**Q** 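Handing you a structure now.
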There are 2 protein chains.
Amino acid sequence: MVFGKSCNQCSVRETALCGVLADAALAPMAAHGTQRSLARGETLIRAGDPARLCANIQRGLMKISHINPAGHEVIVGLLWPGDFVGTPFLDGGPATHDVVALSAVSLCVFPQTTIERTMADHPAMERQLLSRTLAELGQVRRSLSRLARATALARVAGFIAETAQRRPAAAEPHVIELPLSRGEMADLLGLTIETVSRQMTRLKTAGVIGLPGGRQVMIQDPDALAEAADELM
Amino acid sequence: MVFGKSCNQCSVRETALCGVLADAALAPMAAHGTQRSLARGETLIRAGDPARLCANIQRGLMKISHINPAGHEVIVGLLWPGDFVGTPFLDGGPATHDVVALSAVSLCVFPQTTIERTMADHPAMERQLLSRTLAELGQVRRSLSRLARATALARVAGFIAETAQRRPAAAEPHVIELPLSRGEMADLLGLTIETVSRQMTRLKTAGVIGLPGGRQVMIQDPDALAEAADELM
DNA sequence: CGGGCATTTGATTTAGCTCAATCCCCGTGG
DNA sequence: CCACGGGGATTGAGCTAAATCAAATGCCCG
């Protein structure tokens, strides 16, 4: 748990690195937050924690998860740069989920004690928070309809396709690095490790993707991938 | 599609009937909305509609659903009195889901052309909208983790338990009327009609619930019901 | 080179789906 | 008052996709 320098040190020349400043409307709010970084695997919020916080992710990837009574981890969402974590309100009761860094993460943390005032002072921040929360809701609803009916193949294909969309101009346009292990994919997609692996090799055998090794995926046939993802969803 | 009288006719003496006024902070915003009622089965928003709206449900129950490529309806959420429907922003693109009345519904509709102004004038409304959206997000995440891992029995038991919690002081405290048909329950829980039916009779045979007929459920053993709902979730 | 971990592959089991038949509740009309 | 019909709900009999159990393989890193 390392606290970094204050976020108001994110000057204009650093905009590219400081997600929260990417949207000009959010610039004033950055001054009210504290800069913080997390190592991969570090926990920002623990389920049951009474203390809540609200933060905006600038760099890196986080997962929102919880352990079900059977002891199985369920991942209910991923958080990408620009996304907000936690809640801005004090009345929400204890946290219901863990929030853990999947990679090195930097974020701009807003203490809950002052955030309501910050929102009152900067309506654009509240607007942005609402807008992003609504977008998030749409995302989760899409996951929901996928989990309700889609086959294992469609879940895996859909995850790869969505991950590819999230990483635009990389070096190799058709090679992506999955941010999750097979086990984490299984926890996110409501499958088992074995089933995820089997569907990956199925896609490989069909010539839709290539698996160069590690967590890398080469998308050889984007159309076929999209079609597989839509199969029953 | 019947437009009723304006919502600002909901005077204080009618508070009990007018959900949007239940929260005092929302009273001023009611004046900016239009009262509208829907018959059971009527569609408020159709997926693909370019026109969006934002409304607050005062009475009745709605479902948010969409038809997947396989032609199967998936219900991604239910909306109860006090919940907001739609989105307040114009930039969101076409609607992604149908929103349909499951019972007679009355709501207070805010035209999207004026809602941003309304929110600017009444910060409490925006606060409320954000707060409810966050709560909704939590709800959907709970559904998500249920759909990811829970058994058919747990899904059905969980739905009955949650429905029971939503209807507090009814006449018979232990008898509830399910708002959904078996088919709709199946669409909501990601199961088939037959499986829902089988789990219901399983709960009945185990003495956990009674099925007096129609959509009624008598909860005979609330603890056992809660336990069945938590089984693997 | 070897140990530990993630991933893949294989064999078997099972929960829930599909297909099919029957039942039950209720409104309608003779 | 009772036969008729129709839609939802229940029950039954296989079938299948994914889980589970088990083993082998590959890979990273000391």
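This is a predicted model, so every value here is computed, not measured. A, B, ... follow the sequence lines: proteins, then strands. Residue 1 opens every chain.
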**Q** So, for A:Thr96 and A:His66, which heavy atoms are closest and what is the spacing to 0.1 Å?
**A**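 The answer is O-CB, 4.0 Å.
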**Q** Take atom CD of B:Glu184 and atom P of D:dG7, then tell me their distance rounded to the nearest Å.
**A**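 For the pair B:Glu184 CD and D:dG7 P, the rounded distance is 16 Å.
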**Q** B:Ile193: which residues meet the side-chain contact (heavy atoms from CB on, under 4.5 Å) condition with it, sequence neighbours left out?
**A**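 So B:Ile193 forms a side-chain contact (heavy atoms from CB on, under 4.5 Å) with B:Arg182, B:Ala186.
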**Q** For residues 75-87 of chain A, which side-chain donor-acceptor pairs fall under 3.5 Å, sequence neighbours excluded?
**A**
{"unit_1": "A:Asp83", "atom_1": "OD2", "unit_2": "A:Trp80", "atom_2": "N", "d": "2.8"}
{"unit_1": "A:Thr87", "atom_1": "OG1", "unit_2": "A:Phe89", "atom_2": "O", "d": "3.3"}
{"unit_1": "A:Thr87", "atom_1": "OG1", "unit_2": "A:Gln112", "atom_2": "NE2", "d": "3.3"}

**Q** Enter the inter-axis angle for the ends of the helix from C:dC1-D:dG30 to C:dG30-D:dC1 (five pairs per end, rounded to 10°).
**A**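 About 30° separates the two local helix axes.
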**Q** Assign a letter to each nucleotide of nucleotides 11-30 of chain D from its 5' end: B, base within under 4.0 Å of a protein heavy atom; S, sugar-phosphate only; -, no contact.
**A** BBB----SSBB---------
**Q** Would you mind reading off the distance between A:Leu203 atom CG and C:dT8 atom P, rounded to a whole angstrom?
**A**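 Going from CG in A:Leu203 over to P in C:dT8 covers 12 Å.
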**Q** With sequence neighbours excluded, what pairs up with B:Gln216 under the side-chain contact (heavy atoms from CB on, under 4.5 Å) test?
**A**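 Result, side-chain contact (heavy atoms from CB on, under 4.5 Å) vs B:Gln216: B:Val175, B:Glu177, B:Pro212.
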**Q** Please report, rounded to the nearest Å, how far the P atom of C:dA6 is from the CE atom of A:Met185.
**A**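 So the CE-P distance, A:Met185 to C:dA6, works out to 16 Å.
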**Q** For residues 215-228 of chain A, pull every pair meeting salt bridge (Lys or Arg N to Asp or Glu O under 4.0 Å), keeping only residues two or more places apart or in separate chains.
**A**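 Applying salt bridge (Lys or Arg N to Asp or Glu O under 4.0 Å) to every pair that reaches into residues 215-228 of chain A, excluding sequence neighbours, yields nothing.
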**Q** How close or far is atom C1' of C:dG16 from atom CG of B:Leu189, stated in whole angstroms?
**A**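 In whole Å, C:dG16 C1' lies 13 Å from B:Leu189 CG.
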**Q** Tell me every residue that passes side-chain contact (heavy atoms from CB on, under 4.5 Å) with B:Val208, counting only those two or more places apart in sequence or in another chain.
**A**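 In terms of side-chain contact (heavy atoms from CB on, under 4.5 Å), with neighbours along the sequence ignored, B:Val208 is linked to B:Leu203, B:Ala206, B:Ala224, B:Leu225.
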**Q** Enumerate the salt bridge (Lys or Arg N to Asp or Glu O under 4.0 Å) contacts for residues 183-193 of chain B, please, sequence neighbours excluded, ordered by first and then second residue.
**A**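 Matches after skipping sequence neighbours: A:Arg149-B:Asp187, B:Lys63-B:Glu184.
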**Q** Rounded to whole angstroms, how far apart are CE on B:Met200 and P on C:dG16?
**A**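 B:Met200 atom CE is separated from C:dG16 atom P by 16 Å.
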**Q** Please name all residues satisfying side-chain contact (heavy atoms from CB on, under 4.5 Å) with A:Glu162, sequence neighbours left out, ordered by chain then number.
**A**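 side-chain contact (heavy atoms from CB on, under 4.5 Å) check on A:Glu162 returns A:Arg146.
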